[in-house]
Structure formats: C-alpha cells, structure tokens
Amino acid sequence: MYLANANSSEIVKRQYFFKLRAFIGSFVALMFVQWMALGLTILSGSGMMATSSGDLSIKVTYFDGNSLIMFTLMWAFVTGITLTTKQTRYGDFAFVTNRFTSNLSNIAFLLTASLIAGVTSMMASNLVRVIKIFFNNTDIFLQYSSSITIFELTIGILATTLYTILIAAIGYFIGMLVQLSKLFIIIFAGLFIALPIIFGVTMENVLFFFNKETSLFIFTIKVVITSLVLFAGAILISNRMEVRR
C-alpha cells in the first residue's frame with residue numbers, strides 16, 4: 001500500500017539506489033578499462049618525438065591522461081546504451097513506476113557514474129606521473145612537469161566529468177532510438193562510415209564545438225544544454241515506445 005501511494009521523487013530515489021547496486025558491474029568495467037589504459041600509457045606513453053644531429057639523438061616520450069580519458073568516454077557511451085536495453089527497462093517495473101521515473105533514475109545513475117569516472121580518470125592520470133618518477137630515471141624537467149595544483153586537479157575533474165556526462169547522454173539517446181527501431185543501427189553505422197569518407201566529417205569535427213571553448217563556464221553551459229536536450233529527447237522516445245506497446 002505504501003508503494004502504491006509513493007510519490008514520484010520517492011520512486012526515483014528507490015530506483016536510483018537499486019541501480020547503483022544492480023549495475024555494480026558497470027563500475028567494475030570502468031576500473032578495468034582505466035587500468036588497461038593506465039598500463040598502455042605507462043608502457044608506451046601517449047606520444048613521442050625524436051630528433052638527431054650527428055652523434056646526438058634525443059627521444060622525448062609524452063605521458064598524460066588522454067588515453068585514460070578516451071577509454072573512460074567509450075565506457076560512458078556503452079553504459080548509456082546499456083541502460084536503454086529491454087532487460088534493464090523491464091527490470092524497473094519491479095517497482096511501482098512509469099517511463100518518466102525510470103528515465104529520471106537512469107539519468108541520476110549516469111550523472112553519478114560520470115562524476116566517479118571523472119574523479120578516477122584524473123587520479124589515474126596523476127598516478128602515471130608518479131609511477132614514472134619512482135620507477136624511471138627522471139630529470140628535473142620531468143619532476144617539475146609532474147606537479148599539479150589542487151585548482152588544476154579540480155578543473156580537470158570538472159571538465160572530464162562534463163565530457164563523460166555528454167558522451168553518456170549521447171549513448172543514452174542513441175540507445176533509445178535503437179530500441180524504438182533497429183533500423184537506426186543501420187543508419188548510424190552508415191553515417192559513421194559515410195561522413196568521414198564523403199563529407200570529411202570526423203568525430204573531432206563534431207566535438208570541436210566543445211573542444212575549442214577556452215572558458216570553463218561557457219563550456220559547462222554548452223555541455224549542460226546539449227545533455228538536457230539529449231536526455232529530454234530520450235524521454236520522449238521512451239514515452240513513444242510505451243504508447244506503441
């Protein structure tokens with residue numbers, strides 16, 4: 001009787017905490033991909049530059065968190081899609097619920113997961129520098145470049161979290177479209193192949209709208225608005241599926 005009379009906020013909260021427990025495997029997957037990216041970065045670096053003159057040769061290897069962030073964003077995209085699968089959606093009806101509260105709990109889960117991913121990505125990025133200092137012969141420049149202030153760390157966490165939310169929102173929206181019609185799998189696959197070849201449009205061009213932004217405030221506004229539009233679109237698609245069924 002209590003569940004039948006529960007208000008929407010209580011239902012969303014119950015579903016949210018349920019999903020934190022039910023999707024613990026998602027966080028295990030995050031840990032796995034970040035450790036894999038960490039290992040690849042430590043072993044091979046993120047980039048290399050070499051030059052030589054006579055008997056003198058110089059080789060510079062760059063170590064940063066770009067690989068970690070890219071792997072994390074791929075994880076966010078897959079996680080967003082996973083939450084739209086039929087098995088996940090039908091699991092919500094163990095509660096007194098509707099599509100709207102189900103979507104809200106999904107979005108709350110993605111926001112939480114994105115924050116965790118943003119924090120762990122930045123921590124792991126700094127771990128790369130620490131490992132290289134302790135287990136390699138380092139010079140003054142490397143030691144100096146390894147330092148990072150609390151402010152820089154905070155900005156890095158915020159920016160990474162926002163990117164993760166954006167990619168998760170894209171995955172969630174695409175996942176809902178695919179659940180609406182499997183035809184979208186062919187459409188998106190065709191676009192993924194055709195756009196770079198025919199129109200020269202790459203993912204880098206698409207993300208340039210966000211990458212070029214130098215103001216953190218404006219970048220945040222862009223990501224928030226875009227994510228809200230994508231989540232709202234996913235909710236509308238979900239409601240359409242409910243009507244069809």
Side-chain angles (χ1 to χ4, degrees), residues 12 16 19 23 26 30 33-34 65-85 88-89 99-122 125 154-181 183-185 187-196 199-241:
V12 171
Y16 166 71
K19 286 170 183 177
F23 290 98
S26 177
L30 172 64
V33 299
Q34 288 186 340
N66 289 343
S67 296
L68 278 157
I69 294 173
M70 288 304 300
F71 273 70
T72 299
L73 295 182
M74 287 188 288
W75 166 86
F77 182 77
V78 173
T79 302
I81 292 178
T82 301
L83 288 178
T84 66
T85 59
T88 302
R89 288 186 288 111
R99 295 294 184 193
F100 182 68
T101 56
S102 175
N103 280 299
L104 287 183
S105 62
N106 285 339
I107 293 170
F109 173 82
L110 288 176
L111 294 178
T112 303
S114 296
L115 176 59
I116 294 173
V119 172
T120 54
S121 294
M122 288 304 299
S125 298
T154 303
I155 295 299
I157 290 174
L158 177 59
T160 305
T161 300
L162 288 171
Y163 270 120
T164 308
I165 291 172
L166 176 64
I167 299 302
I170 293 174
Y172 194 69
F173 178 75
I174 290 177
M176 280 298 181
L177 284 175
V178 171
Q179 293 302 314
L180 181 65
S181 173
L183 182 62
F184 281 104
I185 296 177
I187 294 174
F188 285 120
L191 289 175
F192 184 79
I193 297 172
L195 287 178
F199 302 102
V201 177
T202 63
M203 184 60 65
E204 184 178 354
N205 300 133
V206 175
L207 293 178
F208 184 71
F209 174 72
F210 301 96
N211 289 338
K212 70 176 182 178
E213 191 54 63
T214 57
S215 169
L216 179 62
F217 176 75
I218 297 178
F219 169 73
T220 302
I221 295 299
K222 287 182 177 181
V223 171
V224 169
I225 292 176
T226 305
S227 299
L228 285 176
V229 170
L230 290 169
F231 283 134
I235 292 174
L236 291 175
I237 295 170
S238 177
N239 291 337
R240 180 179 175 86
M241 289 191 295

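The analysis underlying the following values was restricted to heavy atoms, covering all of them including side chains, and did not include hydrogens, waters or symmetry mates.
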Please test Trp75 against Ser26 for side chain to side chain contact (heavy atoms under 4.5 Å, CB included), starting from the C-alpha separation and ending with a verdict.
-> CA-CA 9 Å; Trp75 166 86; Ser26 177; 3.4 Å; yes
Separation of [Y] [atom2] from [X] [atom1] (nearest 0.5 Å):
{"X": "Leu68", "Y": "Met122", "atom1": "CG", "atom2": "CE", "result": "10.0 Å"}
{"X": "Leu115", "Y": "Leu111", "atom1": "CG", "atom2": "CG", "result": "9.0 Å"}
{"X": "Phe100", "Y": "Asn239", "atom1": "CZ", "atom2": "CG", "result": "8.5 Å"}
{"X": "Ile237", "Y": "Arg99", "atom1": "CD1", "atom2": "CZ", "result": "13.0 Å"}
{"X": "Ser102", "Y": "Leu83", "atom1": "OG", "atom2": "CG", "result": "9.0 Å"}
{"X": "Leu73", "Y": "Ile165", "atom1": "CG", "atom2": "CD1", "result": "11.5 Å"}

Could you check Gln34 against Thr120 for side chain to side chain contact (heavy atoms under 4.5 Å, CB included), going step by step and ending with a plain yes or no?
-> CA-CA 8 Å; Gln34 288 186 340; Thr120 54; 3.1 Å; yes
Leu177 and Ile187: side chain to side chain contact (heavy atoms under 4.5 Å, CB included), yes or no, with the steps?
-> CA-CA 11 Å; Leu177 284 175; Ile187 294 174; over 6 Å; no
Between Leu230, Val223, Val224, which is the residue that forms a side-chain contact (heavy atoms from CB on, under 4.5 Å) with Ser227?
->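 Result: among Leu230, Val223, Val224, Val223 is the only option passing the side-chain contact (heavy atoms from CB on, under 4.5 Å) with Ser227.
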Would a 4.5 Å heavy-atom cut-off, applied to side chains only, mark Leu158 and Leu162 as touching?
-> yes
4.5 Å side-chain heavy-atom contact, Thr72 and Leu30 |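 Of all side-chain heavy-atom pairs linking Leu30 with Thr72, at least one is under 4.5 Å.
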Side chain to side chain contact (heavy atoms under 4.5 Å, CB included) assessment of Phe184 paired with Ile174 = CA-CA 8 Å; Phe184 281 104; Ile174 290 177; over 6 Å; no
Of all residues at least two apart in sequence or in a different chain, which pass the ring pair (Phe, Tyr, Trp, His ring centres under 6.0 Å) check with Tyr16?
->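 Scan of Tyr16 (ring pair (Phe, Tyr, Trp, His ring centres under 6.0 Å), adjacent residues dropped) gives none.
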Taking only residues two or more places apart in sequence or in another chain, which ones pass ring pair (Phe, Tyr, Trp, His ring centres under 6.0 Å) with Phe23?
-> Phe109
Which heavy-atom pair separates Asn103 from Met176 by the least distance, and what is that distance?
->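 Heavy atoms only, the tightest pair is OD1-CE, 3.3 Å.
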Where Thr84 and Ile81 come nearest, the two heavy atoms and their spacing |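 Distance-wise, the nearest heavy atoms are OG1-O, 2.6 Å.
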Is it true that a side-chain atom of Thr164 and a backbone atom of Thr160 form a donor plus acceptor pair closer than 3.5 Å?
-> yes
Asn106, Thr82, Thr79 screened by side chain to side chain donor-acceptor pair (under 3.5 Å) with Tyr172, the one that passes = Asn106
Looking at Phe77, Phe219, Phe210, which hits ring-ring contact (aromatic ring centres under 6.0 Å, His included) with Tyr163?
->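 With Tyr163 as partner, Phe77, Phe219, Phe210 yield a single ring-ring contact (aromatic ring centres under 6.0 Å, His included), made by Phe219.
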Got a sec, which residues hit side chain to side chain contact (heavy atoms under 4.5 Å, CB included) with Val12, two or more places apart in sequence or on another chain?
->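 Testing Val12 for side chain to side chain contact (heavy atoms under 4.5 Å, CB included), a comparison that skips the adjacent residues, returns Thr101, Leu104, Ser105.
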